[in-house]
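Written out below as structure tokens is the structure these notes cover.
Order of listing sets the numbers, starting from 1, for every ligand and every atom in it. Excluded from the calculations below are hydrogen atoms, water molecules and symmetry mates; all remaining heavy atoms, backbone and side chain alike, are included. Predicted, not measured: the structure shown is a model, and the values here were computed from it. Positions are given from 1, in the same order as the sequence printed here.
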Amino acid sequence: MVDHTSARHDAAQSDALVLFGFTGDLARKQIFPALYAMARRGELVPRVVGVAGRPLTAAEVQGRVRDSIGNAGGLVDAAAFDRLANAITYVSGDYGRPETFEALKQALGDAKRPAHYLAVPPALFETVITNLGKAGLAKDARVIVEKPFGRDLASARELDAVARSVFPEDAIFRIDHYLGKEAIMNLLYFRFANSFLEPIWCRDHVASVQMTMSESFGVGERGSFYETAGALRDVVENHLFQIVALLAMEPPAGRHFALVQQAKADVFKAMRPLDKGDLVRGQYAGYRQEKDVAPDSDVETYCALRLFVDTPRWQGVPWYLRAGKHLPDTAVEVQVQLKWPSQNLFEDSGPAGGRANYLRFRLQPSASIAIAARIKEPGKMFVGTQQELFLCEDTDGQQAPYDRLLGDAMAGDASLFTSFQAVEAAWSAVDPVLSAPPAVVTYAVGTWGPPQADVLIAADGGWHAPTPDGGCAPARPATPAGAGAHVP
Ligand code: BG6
């Protein structure tokens, strides 16, 4: 991120990867393709030991990896696949039983510095960590823990205590894959590598900020995980809060990654604890009939919230966040709404003109930054329209987040991982609404969630749906002069 060399200082490379949850959704969708990408680049593939409950033959193990890579974009390089497949062994067993960890020890052979990846349901984190310690498998090892880290403040602290009783802090990698996304890393760069932003990046010029993370699909096969999480724990308290931190943080005191972590943690600490009235929870119609979902489930598949970051820079500026499944589009977008000019010189350079200037950060599936500015229309009258100027990022060939983060963790580089300080402060902000949440409201599949979420943001101009293609589609229709200037 910033000064990687200092993060990797003296860190030895992990010589094996233990993948708990080998048969799970995360391994299939993200981790196998990440390992394959490493093999394709010709990097040394570490010894991989998969661990899961069910017994699998060697052919079944390879078949799973092959299918996963095929689904993620087709098998193109047989030699790379063979290198990966030959590096994988598999251990089946119950995570609660010492025999499983003895078998794992055997499978690890002479590996000196394994990295243990916990791609298992959060309820199993403590069991696996404790048993790794008891089996002597934590020595000189690393542990990569998936989010959510805990279910609330108390359980996060408890998990942290268990993890630290077995691993030193610099061996614990709390993963949030949003931090490994190119467009999200660019937020930090864009903010502090440009001079024009800083003077307006504060309460004097920003009216509100809104963020949408929408997915057009449901929980699919992940019902049992989702029942333990819900949208707030699954993606808001971590992914979206990380984006808030990058946008709201003060300039770090220096380049070292620990200083960036500190500046971000300060944002989490300044988040005002949520009030029940700041949160709307929704559930898509039909969720209760999904596989592994309780027929009377109260879990939210959508949430919208209003957040305040109580720092001098952001005092009084509302941050609206919404995330949900089965919405009309799959996209992540942030819009920073600026205030009107203080002097209303033209008829339309005040509230009568519609919407004031804004910045729009499209974070996925495409990546772009748009700056909206008013421009005069030709003619005698001093009236204009608002147009967006675009910076479109080329996303071809970018390293996938899990590929990047897995490589970083195995190299001992913690720059793109979350500190416990930040995790703890983030839970502190949401904790009040976790114990007494408002009731869920049903919304129809393919809509933007319950109408109560519109009421939440009404005073600040309402939600803006993510722009199709982020405005950067090649076939964009012609725009008036001066607008839509594409910078490659
Ligand atoms: C995961 C959540 O962390 O992020 C999923 O558990 C969600 O529910 C996913 O779908 C979204 O990730 P991405 O990278 O596709 O935006």
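Interface atoms of ligand 1 facing K147, defined by a heavy-atom separation under 4.0 Å, are 1 (C), 2 (C), 3 (O), 6 (O). Close approach to H239 involves these atoms of ligand 1, each under 4.0 Å from a residue heavy atom: 1 (C), 3 (O), 4 (O). Below 4.0 Å from some heavy atom of K181 lie the following atoms of ligand 1, by number and element: 13 (P), 14 (O), 16 (O). Of all the atoms in ligand 1, the ones that sit under 4.0 Å from a non-hydrogen atom of M213 are 11 (C). Numbered from 1 in the order shown, with element, the atoms of ligand 1 that lie under 4.0 Å from a heavy atom of K325 read 5 (C), 7 (C), 8 (O), 10 (O).
Cation-pi check for K181 over Y178 is met; the charged atom lies under 6.0 angstrom from the ring centroid and within 45 degrees of its normal. At least one cation-pi condition fails for R306 and Y320: the charged atom is not both under 6.0 angstrom from the six-membered ring centre and inside a 45 degree cone around its axis. Because its NZ or CZ atom is both nearer than 6.0 Å to the ring centre of Y358 and within 45° of the ring axis, R355 counts as a cation-pi partner of that residue.
Atom 15 (O) of ligand 1 has as its closest protein heavy atom Q364 NE2, 4.0 Å. Protein heavy atom nearest atom 12 (O) of ligand 1, with residue, atom name and distance: H177 NE2, 3.2 Å. Among all protein heavy atoms, the one lying closest to atom 9 (C) of ligand 1 is E215 OE2, 3.9 Å. Scanning the protein for heavy atoms near atom 8 (O) of ligand 1, the closest one is D234 OD2, 2.6 Å.
Using a distance-only test at 3.5 Å, with no hydrogens or angles considered, a donor-acceptor pair links the side chain of Q283 to the main chain of S297. In this structure, the side chain of R142 does not engage the main chain of A171 through any donor-acceptor pair within 3.5 Å.
Aromatic ring centroids of Y90 and F22 lie under 6.0 Å apart.
In terms of polar-atom proximity, defined here as any N/O pair under 3.5 Å, R222 does make such a contact with ligand 1.
Of all the heavy atoms of Y226, none lies under 4.0 Å from any atom of ligand 1, so neither backbone nor side chain is involved.
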> Which is it for F361 and F190 under the ring-ring contact (aromatic ring centres under 6.0 Å, His included) test, yes or no, and what are the steps along the way?
Replying inline: CA-CA 11 Å; F361 296 89; F190 184 78; 5.7 Å; yes
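The existence of a salt bridge linking E227 and R233 is excluded, since no basic side-chain nitrogen approaches an acidic carboxylate oxygen closer than 4.0 Å.
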